[in-house]
2 protein chains.
Amino acid sequence: MFSIGDLSRRTGVKVPTIRYYEQMGLVAAPERSEGNQRRYSRQELERLAFIRHARDLGFAVEDIRALIDLSGHPEQPCGHADKIAQEQLLSVREKIAQLKRLEAELERIATCCDGRTVGDCYVIRALSDHALCADEHV
Amino acid sequence: MFSIGDLSRRTGVKVPTIRYYEQMGLVAAPERSEGNQRRYSRQELERLAFIRHARDLGFAVEDIRALIDLSGHPEQPCGHADKIAQEQLLSVREKIAQLKRLEAELERIATCCDGRTVGDCYVIRALSDHALCADEHV
DNA sequence: GTAATTCCTCTAGTCACTAGAGCTTCAAGA
DNA sequence: TCTTGAAGCTCTAGTGACTAGAGGAATTAC
């Protein structure tokens, strides 16, 4: 039996976050001690580790809920789980592409400034005048 | 004189967002028409464009507030503006690195699944068992 | 003159937590 | 056994950067 603090240390999920997940229905409400404190089993530890892992990978809470539902039905075809993962991969790739565009422009902006005062600061000018942008971001 | 809708169309910032920026003090409260509708000058259009541009580049509202303050004092040294931009560049690079790690793992997870049911679905198994991860993400 | 569009304020919701107040329980040492 | 300090409890409210909707007023186009 683990206390909520044990669970937190073992999974790296903060204590208030565990309680929040319980409220959201992502983890079930566990047993309680005589003094009303949460007591978790190994199964619940594993589920929380699953959630942590999926959150680390950027899955939304709703996706995780779907994946948990799926994992409770091991006889079903797994196309759905696959689809969720594929979509997540796509969205990560989009974010990377977007951030790379930003990186390029920020590089240009942040390394060009050789002015001495704000009046001729390239950062400020570049932000004021979109025409200075090499290409459209977003 | 522009209505809030004109401003929105010209800058690409949504109408409620413009009002939100006003509430946050990022743009000044503009003049009003006889019927109490907002009327903006070209100067305010430009400031909003500046904000839009900075947001596109991922600057936080607080950063933008600092940049606006700076741009109001053109005689000051621009080290601060430069610093904000440099920090933003660093944080974008960190995000890219992080997302690339996620991409790699998701790729592995999402392309390996040749199981037919959830019971042997690689997606679910990989999420359940962190040991299947090639390397630590986060 | 009227109808459609745009505008107004206000409250509340989004996501995934995080912080804090005020209280109770638990575990370890004396 | 007592005490003390850490950890737990519930509850409300705050974060960032918007977004949605209600209910009404002003503006614009025909």
Side-chain angles (χ1 to χ4, degrees), chain A residues 1-27 29-40 44-45 48 50-68 84 87-88 91-92 95 98 102 138, chain B residues 1-27 29-40 44-45 48 50-68 84 87-88 91-92 95 98 102 138:
Chain A
M1 282 293 153
F2 309 104
S3 74
I4 196 168
D6 293 338
L7 218 65
S8 172
R9 272 182 297 278
R10 278 158 193 268
T11 60
V13 179
K14 288 184 190 153
V15 168
T17 305
I18 297 174
R19 287 196 279 249
Y20 165 77
Y21 285 160
E22 181 181 324
Q23 215 183 313
M24 295 299 100
L26 261 194
V27 296
E31 286 178 49
R32 296 285 180 132
S33 73
E34 293 225 334
N36 198 35
Q37 299 194 353
R38 289 169 179 81
R39 291 293 175 262
Y40 296 92
E44 283 155 325
L45 172 69
L48 192 61
F50 177 104
I51 293 170
R52 172 71 207 267
H53 193 175
R55 285 293 301 139
D56 278 355
L57 289 169
F59 288 93
V61 165
E62 278 318 299
D63 288 341
I64 297 175
R65 204 191 299 275
L67 289 171
I68 287 174
I84 291 173
E87 275 169 10
Q88 180 60 18
S91 108
V92 166
K95 274 185 209 145
Q98 156 85 358
L102 297 194
V138 173
Chain B
M1 282 296 153
F2 309 104
S3 74
I4 196 167
D6 292 337
L7 217 64
S8 172
R9 273 182 296 279
R10 280 160 192 264
T11 61
V13 179
K14 287 182 190 154
V15 169
T17 305
I18 297 174
R19 288 196 278 249
Y20 165 77
Y21 285 161
E22 182 180 322
Q23 215 182 313
M24 296 297 101
L26 217 49
V27 297
E31 286 179 49
R32 298 284 182 133
S33 72
E34 294 225 333
N36 197 35
Q37 299 195 353
R38 289 168 179 81
R39 291 294 176 264
Y40 295 92
E44 282 154 324
L45 173 69
L48 193 60
F50 177 104
I51 293 170
R52 171 71 207 267
H53 192 175
R55 285 293 301 139
D56 279 355
L57 290 169
F59 288 93
V61 164
E62 280 317 299
D63 288 341
I64 298 175
R65 205 192 297 276
L67 289 171
I68 286 175
I84 291 172
E87 274 168 11
Q88 180 59 19
S91 108
V92 166
K95 273 185 208 146
Q98 157 85 357
L102 296 193
V138 173

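Source: prediction; values computed, not measured. Per chain, numbering begins at 1; letters A, B, ... match sequence-line order. Below, each value reflects all heavy atoms present in this structure, side chains not excepted, and no hydrogens, waters or symmetry copies.
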*Could you list by number each residue of residues 2-16 of chain B showing a heavy-atom separation from DNA chain D of less than 4.0 Å, or answer none if no residue does?*
B/K14

*Side-chain N or O of B/R32 less than 4.0 angstrom from OP1 or OP2 on C/dT9?*
yes

*CD of B/Q23 versus P of C/dT9: gap in Å, rounded?*
10 Å

_Spacing between A/E31 atom CD and C/dT25 atom C1', to the nearest angstrom_ = 18 Å

*5'-most by nearest nucleotide on DNA chain D - B/E34 or B/V61*: B/V61

*Should A/L26 and A/I51 be marked as a side chain to side chain contact (heavy atoms under 4.5 Å, CB included) after you check the CA-CA gap, both sets of side-chain angles, and the distance that decides it?*
CA-CA 8 Å; A/L26 261 194; A/I51 293 170; 4.1 Å; yes

*Exercise: identify the closest heavy-atom pair between B/A66 and B/I84*: CB-CD1, 3.8 Å

*NA contact type, B/R55, heavy-atom cut-off 4.0 Å: base, sugar-phosphate, or nothing?*
sugar-phosphate

_Measure CZ/B/R19 against C1'/C/dC8 and give the value in whole Å, please._
7 Å

*asked:* If you assign A/N36 and B/E62 each to the DNA chain D nucleotide with the nearest heavy atom, which residue ends up on the more 5' nucleotide?
replied: A/N36

*asked:* Once rounded to the nearest 0.5 Å, what's the spacing between atom CD1 of A/I4 and atom CZ of A/R9?
replied: 11.0 Å

*Where do A/V15 and A/G5 come nearest, in terms of heavy atoms and distance?*
CG2-CA, 4.2 Å

_Heavy-atom nearest nucleotide on DNA chain C for A/T17 versus A/R39: which residue maps closer to 5'?_
A/T17

*Do the non-hydrogen side-chain atoms of A/R10 and A/Y40 ever get within less than 4.5 Å of each other?*
no

*asked:* One pair to check against side chain to side chain contact (heavy atoms under 4.5 Å, CB included): B/R32 and B/R38. What are the steps and the verdict?
replied: CA-CA 5 Å; B/R32 298 284 182 133; B/R38 289 168 179 81; 3.3 Å; yes

*Could you tell me from which nucleotide to which nucleotide of DNA chain D, 5' to 3', there is an atom under 4.0 Å from chain A heavy atoms?*
D/dG8 to D/dT10

*Do you know which two heavy atoms are closest between B/M24 and B/R65, and how far apart they sit?*
O-NH1, 2.8 Å

*asked:* Using 0.5 Å steps for rounding, measure from the CZ atom of B/F2 to the CG atom of B/L48.
replied: 11.5 Å

*Name the closest nucleotide to the A/Y20 side chain, picking from C/dT18, C/dT25, C/dC8.*
C/dT18

*Does A/Y21 make a side-chain N or O approach to OP1 or OP2 of C/dC17 shorter than 4.0 Å?*
yes

_Heavy-atom pair of closest approach, residues B/R52 and B/G12_ = NH1-O, 2.9 Å

*Starting at atom CD1 of A/I51, determine the distance to atom P of C/dC17, rounded to an integer number of angstrom.*
10 Å

*Closer than 4.0 Å, any side-chain N/O of A/R38 to the OP1 or OP2 of C/dT25?*
no

